[in-house]
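Notes to accompany the following structure.
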Amino acid sequence: MLSSFKKALPAALMLIVAGSMAACSTGQEKVAELTAKAEQGDVDAMVDVAEMYCSGTTIEQDDQICGMWMKRAAEKGHIRAQYMLGRMYELGLGMRADPVQAYKWYTLSGDQGYRMSQTGAKNMLEVMTPQQRAEAKKLVAESGKQ
């Protein structure tokens with residue numbers, strides 16, 4: 001009985017490895033597909049690609065690439081991307097921590113009704129200097145004119 005188990009073990013391991021490789025290539029294909037859509041301007045695909053890079057579940061985690069795609073989606077007005085970008089600026093994930101930018105993105109999202117952004121903006125006001133508050137409010141006003 002033990003000898004048949006020993007013979008079956010390598011075959012079972014090969015199936016596991018092959019399954020892992022297939023899942024990996026499927027993940028890579030999914031990232032490539034979504035990246036192509038994102039590059040063509042699909043805002044939802046931009047967020048999906050960003051989240052894949054942030055989580056590292058489908059592709060190797062890279063907060064800088066996550067931030068790049070999140071910013072592109074946020075600049076196009078995607079409410080959740082604006083919130084996530086604010087959070088990334090607040091925590092310094094993939095970019096330098098910047099309460100002014102965090103406030104800007106939280107406010108833009110919060111003004112569209114995203115409640116977590118409203119809380120984020122309020123929290124940023126509490127930690128910013130008066131000069132930072134003035135700069136942040138100016139950035140928000142300028143964003144509204146675009």
Side-chain angles (χ1 to χ4, degrees), residues 5 8-146:
F5 178 74
L9 186 59
L13 287 174
M14 287 304 292
L15 286 173
I16 291 169
V17 169
S20 296
M21 290 175 69
C24 197
S25 68
T26 302
Q28 295 286 346
E29 290 169 6
K30 180 78 171 168
V31 171
E33 176 186 322
L34 284 170
T35 300
K37 288 180 181 180
E39 288 172 346
Q40 293 172 354
D42 184 324
V43 180
D44 291 326
M46 290 176 193
V47 174
D48 290 342
V49 170
E51 289 177 341
M52 287 179 164
Y53 278 102
C54 284
S55 70
T57 54
T58 308
I59 195 160
E60 186 176 339
Q61 183 176 358
D62 189 323
D63 290 338
Q64 289 181 331
I65 295 175
C66 170
M68 176 194 74
W69 282 113
M70 204 63 78
K71 187 171 185 178
R72 287 183 185 181
E75 288 172 342
K76 292 191 175 284
H78 193 284
I79 298 168
R80 192 165 48 84
Q82 290 173 338
Y83 166 76
M84 293 299 297
L85 188 60
R87 189 86 176 127
M88 292 179 80
Y89 273 114
E90 178 181 0
L91 300 174
L93 296 174
M95 57 199 64
R96 178 180 53 82
D98 186 338
V100 172
Q101 286 294 321
Y103 177 83
K104 170 190 168 183
W105 292 109
Y106 281 148
T107 300
L108 292 175
S109 179
D111 286 352
Q112 297 177 71
Y114 205 81
R115 289 192 178 159
M116 291 187 335
S117 288
Q118 294 166 354
T119 302
K122 180 182 172 194
N123 292 341
M124 289 297 92
L125 282 175
E126 292 174 5
V127 299
M128 287 191 290
T129 65
Q131 294 87 356
Q132 288 174 319
R133 283 188 208 115
E135 182 183 351
K137 290 180 179 187
K138 180 180 175 190
L139 283 176
V140 170
E142 288 171 356
S143 295
K145 294 177 187 175
Q146 295 176 359

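In this text the structure is predicted, and so the values were computed from the model without any measurement. Side-chain atoms are counted along with the backbone in the values below, which use heavy atoms only and exclude waters and symmetry mates.
- Using modelled atom types, no side-chain atom of Gln82 and backbone atom of Trp105 make a donor-acceptor pair closer than 3.5 Å.
- Across Val127 and Gln132, no two heavy atoms sit closer than the pair O-OE1, 4.3 Å.
- In this structure, OH in Tyr89 is found 7.5 Å from NZ in Lys104, a value given to the nearest 0.5 Å.
- Interatomic distance, Gln40 CD to Thr35 OG1, rounded to the nearest 0.5 Å: 11.0 Å.
- Side chains of His78 and Tyr83 form no contact here, defined as non-hydrogen atoms less than 4.5 Å apart.
- The residues Glu90 and Arg87 are annotated as salt-bridged, a charged nitrogen and a carboxylate oxygen being separated by less than 4.0 angstrom.
- Side-chain contact check for Met88 versus Cys66: some heavy-atom pair is nearer than 4.5 Å.
- Residues Met70 and Asp63 are not in side-chain contact: their nearest non-hydrogen atoms beyond the backbone lie 4.5 Å or more apart.
- Considering every non-hydrogen atom in both Ala45 and Ala38, the closest pair reads CB-N, 3.7 Å.
- Here the closest heavy-atom approach between residue Val47 and residue Ala73 is recorded as CG2-CB, 3.6 Å.
- One distance of note links CD of Glu135 with CG of Asp98; it measures 7.5 Å at 0.5 Å rounding.
- Pairing each heavy atom of Gly113 with each of Gln118, the nearest pair is CA-NE2, 4.1 Å.
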request  = Would you sort out whether Leu125 and Lys137 count as a side chain to side chain contact (heavy atoms under 4.5 Å, CB included), showing the intermediate values?
outcome  = CA-CA 10 Å; Leu125 282 175; Lys137 290 180 179 187; 4.2 Å; yes
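- The closest side-chain heavy-atom distance from Glu75 to Lys71 is below 4.5 Å.
- For the pair Gln101 and Leu85, the minimum side-chain heavy-atom distance is 4.5 Å or more.
- For the atom pair CD (Glu39) and CZ (Arg72), the distance works out to 7.0 Å, reported to the nearest 0.5 Å.
- Counting only distance, with no hydrogens or angles, the side chain of Gln61 and the backbone of Tyr53 share no donor-acceptor pair below 3.5 Å.
- Nearest heavy atoms, Tyr114 versus Ser109: CB-OG, 3.2 Å.
- The two residues Met52 and Val31 have their closest heavy-atom pair at SD-CG2, 3.5 Å.
- In this structure the side chain of Lys37 reaches within 4.5 angstrom of the side chain of Glu33, judged on heavy atoms.
- Leu139 has its side chain out of reach of Tyr103: every pair of non-hydrogen atoms, C-beta onward, lies at least 4.5 Å apart.
- Heavy atoms from other residues, nucleotides or ligands lying under 6.0 Å from CD of Glu126 number more than 12.
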